[in-house]
Amino acid sequence: MSSRRIFARPARFAAIAPYVWMVLFFLVPFGFVLKISLSQTAIAQPPYEPVFDLAAGWGAIKAAFAALSLDNFRLLASDDIYLFAYERSLAVAVTATVLLLLIGYPIAYGMARLPKRWQAVAMVLVIVPFWTSFLIRIYAWINILQHDGLLNRILLALHLVSQPVVWLSTDSAMYIGIVYSYLPFMILPLYATLAKMEPMLEEAASDLGAPRWQVFWLVTFPLSLPGVGAGVLLCFIPIVGEFVIPDLLAGSNSLMIGQTLWLEFFTNKDWPVASAAAIVLLVVLLLPLLLYERLQKRQLEQGR
Amino acid sequence: MAEELPGTDVAADAAGADPHPAAGQPLLRIEGVAKTFGTFRAVDGVSLDIKAGEFFALLGPSGCGKTTLLRMLAGFEAPDEGRILLGGKDIAQALPHERPINMMFQNYALFPHLSVRDNIAFGLKRAGMARAEIASRVAEMVALVKLEGLEKRKPDQLSGGQRQRVALARALARRPRLLLLDEPLAALDKKLRESTQDELMELQRRLGMTFIIVTHDQEEAMTMASRIGVMKAGKLAQVASPRELYEAPRSRWIAEFVGDINLFDGESKLRDGHRLIIGTRDAGALVVAEPREPVGAGKFSVAIRPEKVKLSRRGPVSEAGHEMAINRLDGVIADICYLGGTTTYKVKLDTGGMMQASVANSARLDVDAYSLNQHVVAWFTPDDCVVLPS
């Protein structure tokens, strides 16, 4: 039995490690943000009150608790600016995710059908942009999309347009930036499910009388749904909270929630409202995650 | 003859095919078909006729091209040369979904996201069959393969044997003119394999359908098929009935590939009526029956199946003047392999060679058994020998 004990301790540690991680780096910070979202702004350091002071005794802590309120959430609900920012964030994320799926799926499908040797090469090509800093790549897009940038010069040279097109500070530029940046996150999970799919299944479908599009629609696509789900989540969730790409490439007339958060936090120094906005965003993002979880569970139960 | 299930004709018509090709015309004619992958000639000029209602087996070691040939029949590969005629129509370039041919895949290739019922109905829906008709056909197929009560299960909730049945039902549901079976029993254990062999044969007879099975298992091919095509390196080495293949193999390679065999290399020495005497290095002079196609002088192998070799303590008595009627070889038992129904003895011949003899254990007690190092006479008739070109 002694050998068992030797193995038991690291094994137990490995089992609780993810929970320790979650508590330290998610739950505790989340608690801070939640508390700040229930506080009021103050011209002080930190810029909100009440501040819990454990040394001040039980009475002071009770008073601090009593001072917490939902005012910031009421403000979020009453001011159209926030509602509009959430709406726009979701709309942008949905549009971008659909674009990513439409562009990423054929690429992943093509990769999975390549000879094994070329699949590895294609994989490297998908990952290679990560070797350059994300910010530098976005600045590169500014360069490409500006008035006398590469894109306009090509379009002019090909006589597709007669004068330079305004790209920068438009939604088109933002979507180009988002799709470009998130494409690997869509391709990789799709590729993983498509590559491990039995090619015999597609042959069986065509043997049973299905033309190519039906083979895809009735067999390939339904079987790749786990990959579609993973890719959609991996893109949709960060895009909702995206800050850098819309800030650098899109116009300033309509803000996404990430930009609104930034404004509240750094420009208005209103930590409590920014925190409340962040909490609402988290709840909004948890919904698709829970939905996906339930769908997967149902699939598993059906499978068993 | 085959007793047809009611409705077979209707369905074959629905599949857009004439169920009764002109008399004498084969259902399937393969003409000089070849397929090259890179520099590897997987199928190298195969020609073959298959009659309607046949149970045909393509037998060969892995890599011999039998699966490639089957895939060309299904339409997954297009032949580089040759024609494939189904009922007189060239289908070599037709796409898989355009052919009235269905395939049962190795490992079954069942759709994991569909229930048993939807798997079986898949091909019927593609054919645009009416809902009610699909339901009744699926029920008929489920009953045919004895899967009642499992219609709503997903493939991963089934045992290996049940999955095999679903695959069979799915392939049969469209009532194809030709059913291709790619190693259909390879994933089953031995007992299940044997009972499934019987069921497949019974089904084929009852439906009167044409089956082509690909297998590397010669026993499986022998048991089920009415005709076997042995493939080697992309070519058809011999096409024959199981019996002919076993008793009259056309080459040394086939003789060794199909069943066990004793082979003795030698040269023909003299001819005496219908008897040929071949001097072998390891077994001395052997008297053999002259092959159907007369052979000249030269090098030959004499082949004798182990069960044709009799053992006895003393040699059989032959009448004076008929010494040529029997081959007798003296030796000692070198190895004994008891297999239950039979025992295989390895006899070290006094002439230097080794000979295998398979003896039926016809008595329960071992009074007839030989023991190690016992002196025995191995004997066999000239008609039991096959002469093969070396």
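Order of the sequence lines sets the chain letters (A, B, ...), proteins ahead of strands, with each chain counted from 1. Computed from a predicted model, the values in this text were never measured in an experiment.
Other residues, nucleotides and ligands place more than 12 heavy atoms under 6.0 Å from the CZ atom of A:Arg137. Sparse packing is recorded around CZ of A:Phe84, with 12 or fewer heavy atoms of other residues, nucleotides or ligands lying under 6.0 Å away. Shown here is A:Tyr19, whose OH atom has no more than 12 heavy atoms of other residues, nucleotides or ligands within 6.0 Å.
Summarising the geometry of A:Ala210 relative to B:Phe122, their closest heavy-atom pair is CB-CE2, 4.1 Å, with the distance given to 0.1 Å. Taking both residues in full, the closest heavy atoms of A:Met200 and B:Gln106 are given as SD-O, 3.4 Å, listed atom of the first, atom of the second, then distance.
Not counting sequence neighbours, A:Ser206 has no partner by the side-chain hydrogen bond (donor to acceptor under 3.5 Å, both in side chains) test. Evaluation of the side-chain contact (heavy atoms from CB on, under 4.5 Å) rule for A:Val128 yields A:Val124, A:Trp131 as partners, not counting sequence neighbours. Taking the side-chain contact (heavy atoms from CB on, under 4.5 Å) definition, one finds that A:Phe25 meets it with A:Trp21, sequence neighbours left out.
In this structure, chain B has no heavy atom under 4.5 Å from any part of A:Glu198. Neither the backbone nor the side chain of B:Arg99 comes within contact range of chain A; no heavy atoms are under 4.5 Å apart. Using a 4.5 Å cut-off between heavy atoms, B:Ile101 contacts chain A through its backbone alone, with no side-chain atom that close. Residue contact with chain A, scored on non-hydrogen atoms closer than 4.5 Å, involves the backbone of B:Leu110 exclusively.
Heavy-atom pairs under 4.5 Å with chain A peak, among B:Leu124, B:Leu180, B:Asn102, at B:Asn102. Contacts with chain A were tallied for B:Arg71, B:Lys125, B:Arg153; B:Arg71 has the most, counting heavy-atom pairs under 4.5 Å.
Taken to the nearest 0.5 Å, the CG atom of B:Asn119 stands 8.5 Å off from the CG atom of A:Leu208. The line from CZ of B:Phe76 to CD of A:Glu203 is 4.5 Å long, rounded to the nearest 0.5 Å. The distance from atom CE of B:Met104 to atom CG of A:Asp207, rounded to the nearest 0.5 Å, is 12.0 Å.
A heavy-atom distance below 4.5 Å is not found between the side chains of A:Leu218 and B:Phe111. Counting heavy atoms from C-beta outward, B:Pro112 and A:Leu201 have side chains that approach closer than 4.5 Å.
Against chain A, the residues from residues 90-98 of chain B that qualify, each with a non-hydrogen atom under 4.5 angstrom away, are B:Pro96, B:His97 in number order.
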